Amino acid sequence: MWQPENNVEKDRKEKLDRLRANGIEAYPHTSSRTHSIADAIAAFEAVEGPDPEHGASEAVLVTVAGRVMSHRPQGKSSWAHIEDATGRVQVWVKQDAVGEDAHRMFDDDLDLFDFIEVTGTMMRTRRGEVTVLAESVRLLAKSLSPLPVVKERKLDDGTVERYGGFTDPEERYRQRYADLAVNLEVREIFRARARTIRALRDFFDGDGFLEVETPILQPIYGGAAARPFTTHHNQLKQELYLRISFELYLKRLLVGGIDAVYEIGRDFRNEGVDRTHNPEFTQIEFYKAYIDYHGVMAISERMLKFVANAVLGTDQVVFQGSTIDLSKPWERVTLRDAIREMSGIDYAQYPDAESLARVMQEKGKRPDPGSTWGKLVDSLLGTDVQPHLIQPTFITEYPRDISPLAKMKPDDPMHVERFEFFIGGMEMGNAFTEINDPLDQEQRFLDMGRLYAADSEETHPVDDDYLRAMRYGMPPNGGFGMGVDRLVMLLTDTPNIREVLLFPALRPRDE
RNA sequence: GGGGGCGUAGCUCAGCGGCAGAGCAGGAGCCUUUUAAGCUCUUGGCCGGGGGUUCGAAUCCCUCCGCCCUCACCA
């Protein structure tokens, strides 16, 4: 059974006991609220006369409910602010209006962060603030543990000075409920996140795509280069993997006659955790028949512009001090040109892992000794190119051996028709012209097994069912995947993925 | 996993070899238009855990745990 751990909790528990001793229900089942706080303020302002001293043309009687965010007992005339999801309003509790007992309860037994319900008429104070003048006050829920107090003061020059607050990232992530309760701007991030996902759905639904849901628990994982989480089904006596991508299931649906398909959902990758990586993250993938990666680029540009306008009302996005312009066609650079320009290495002149690693070392880099050629190229992209890609940029034409699901470029055995796109120095998404030749796909799977023999953790099992589906006939198509969390980071100007996840992955801590 | 930083009251922080501190929150009192309300008084600490150095450790050293930054792997 919970026991108070500090003075604040001890005092609050005593207040709770005192309230109950006086026959007051501290946790009533419901509220008789008549107005949200925003609605109450709007109703008052609609009838308010020009002279604040004379109040409104008619009395606006409301019952509002919310959490006590400031509490200023002041003799026989006491003040508080209460907040609900729509806003914040001041309440004025005068002893001669509510009676001696209710006023004493308000002053002595109420705490910051309690939930209360206030019935009264709306008015405006001499200082100009819309206020509920209470006729009665009722406790809706007692708060026993104190939330961090945030106080603000407007300085003479108009800036807002903050006192205290709840800023320790670890505590904010571990106790997100307290973070949300106290930090308004955190709530706004998650509203923007919801708008982002809604805008993505609006875009694809309006573009003739069908939204689907495919298995998260999969007997064979695939579609990306990542280590999976494993689990087990007891009755089926089956090892299962949490999906690392949707790709192979969504493309089966193209075989089934669904020409344009998308999914928004969670992927799970058993990899490192950092500023832009969480073990579970939200991805959107789409596949569309009868287009190639050029068609996918056109959709990508249109989609990002649509989403930014829907979420922010503009296609000029400020991210970490840079203004990112989503209104224009994006820069398109081949991976080879980008790396040659930024690192001085033309990887085409070093067509095997050994020679490429040697030249990288000569340039003062530290290539991972076990890497394949394609992975070395990818590491050059990450270290030398990506940080410079602030404005939206398509990097195109990727090495074959790190792209086992992408179609070859005609007349270029080294490259496939693939692009990744970058905004704000972040890798946002990945797309390609999808292989639809079942025999080519099978050969590519087998080649991957050879390439990664030294790196067995990333060796993917061959998905025979996927190959069978493709043998029935798959239309030519382009596919696309994008990290939704990173898109939300971009749109909310947030440099850390944990700030856009309600409950990010953290190590357990002994309490 | 490597490197760097941080961990002190409910919250935000100072103190960095010599009595454990401040503001806010909390408690008592005064106060019927306040809004960081104010004034007086006041409670509250395994200074992240463990070990060591020292006459003496929040402070120096070692170690463990957690978070942040960074590099590596990845989206």
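This structure is a prediction, so every number in the text was calculated from the model and none was measured. Residue numbers begin at 1 in each chain, while the letters A, B, ... track the order of the sequences.
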* Asked: Can you tell which of A/F432, A/Y398, A/Y347 makes a ring-ring contact (aromatic ring centres under 6.0 Å, His included) with A/H415?
  -> A/Y347
* To do: May I ask you to check if A/K375 and A/W373 form a cation-pi contact, with NZ or CZ under 6.0 angstrom from the six-membered ring centre and within 45° of the axis?
  => no
* In the 5'-to-3' direction, what one-character label does each nucleotide of nucleotides 30-44 of chain B receive under the scheme B = base within less than 4.0 Å of a protein heavy atom, S = sugar-phosphate only, - = no such atom? -> -BBBBBBB-----BS
For [X] and [Y], indicate whether the former's side chain and the latter's backbone hold a donor-acceptor pair under 3.5 Å.
X: A/N22; Y: A/I24; result: no
X: A/R269; Y: A/I244; result: yes
X: A/Q95; Y: A/E100; result: no
X: A/N183; Y: A/F166; result: yes
X: A/N496; Y: A/R498; result: yes

Can you tell me how far [atom2] of [N] sits from [atom1] of [X], to the nearest Å?
X: A/L381; N: B/A72; atom1: CG; atom2: C1'; value: 16 Å
X: A/D111; N: B/G10; atom1: CG; atom2: P; value: 16 Å
X: A/L110; N: B/G27; atom1: CG; atom2: P; value: 11 Å
X: A/Q175; N: B/U12; atom1: CD; atom2: P; value: 11 Å
X: A/L147; N: B/G26; atom1: CG; atom2: P; value: 13 Å
X: A/D384; N: B/A72; atom1: CG; atom2: P; value: 10 Å
X: A/E9; N: B/A9; atom1: CD; atom2: C1'; value: 13 Å
X: A/F113; N: B/A25; atom1: CZ; atom2: P; value: 10 Å

Provide the distance between the two [atom1] atoms, one in [N] and one in [M], to the nearest whole Å.
N: B/A14; M: B/G7; atom1: P; value: 8 Å
N: B/A25; M: B/A36; atom1: P; value: 12 Å
N: B/C46; M: B/U42; atom1: P; value: 23 Å
N: B/A57; M: B/G18; atom1: P; value: 11 Å
N: B/C47; M: B/A22; atom1: C1'; value: 15 Å
N: B/C60; M: B/G56; atom1: C1'; value: 13 Å
N: B/G27; M: B/G66; atom1: P; value: 37 Å
N: B/G21; M: B/G44; atom1: C1'; value: 13 Å

* Sequence-distant partners of A/D107, side-chain contact (heavy atoms from CB on, under 4.5 Å), two or more places apart -> A/P73, A/S78, A/H103
Is the centre of the [X] ring less than 6.0 Å from the centre of the [Y] ring?
X: A/H388; Y: A/F422; value: no
X: A/F286; Y: A/F209; value: yes
X: A/F246; Y: A/Y287; value: no

* Base-pairing string, 5' to 3', of RNA chain B - Watson-Crick or wobble, under 3.5 Å, | interstrand -> (((((((..((((....[..)))).(((((.......))))).....(((((..]....))))))))))))....
Polar atoms only, N or O, under 3.5 Å: list the protein pairs with nucleotides 67-71 of chain B and their distances.
residue: B/C67; atom: OP1; partner: A/R507; partner atom: N; Å: 2.8
residue: B/C67; atom: OP2; partner: A/R507; partner atom: NH1; Å: 3.2
residue: B/C67; atom: O4'; partner: A/E170; partner atom: OE1; Å: 2.8
residue: B/C68; atom: OP1; partner: A/R498; partner atom: NH1; Å: 2.2
residue: B/C68; atom: OP2; partner: A/R498; partner atom: NH1; Å: 2.6
residue: B/C69; atom: OP1; partner: A/N496; partner atom: ND2; Å: 2.8
residue: B/U70; atom: OP1; partner: A/R275; partner atom: NH1; Å: 3.3
residue: B/U70; atom: OP2; partner: A/R275; partner atom: NH1; Å: 2.9
residue: B/C71; atom: O2'; partner: A/R366; partner atom: NH2; Å: 3.2

At 4.0 Å (heavy atoms only), tell me whether [X] reaches a base, stays on the sugar-phosphate, or touches nothing.
X: A/K15; result: sugar-phosphate
X: A/S145; result: nothing
X: A/F281; result: base

* **Of A/R18 and A/P146, the one whose closest RNA chain B nucleotide lies more 5'** => A/P146
* Please name all residues satisfying side-chain hydrogen bond (donor to acceptor under 3.5 Å, both in side chains) with A/E152, sequence neighbours left out, ordered by chain then number. => A/R162
* **Under the side-chain hydrogen bond (donor to acceptor under 3.5 Å, both in side chains) test, residues paired with A/R88 that sit two or more places apart** => A/E83
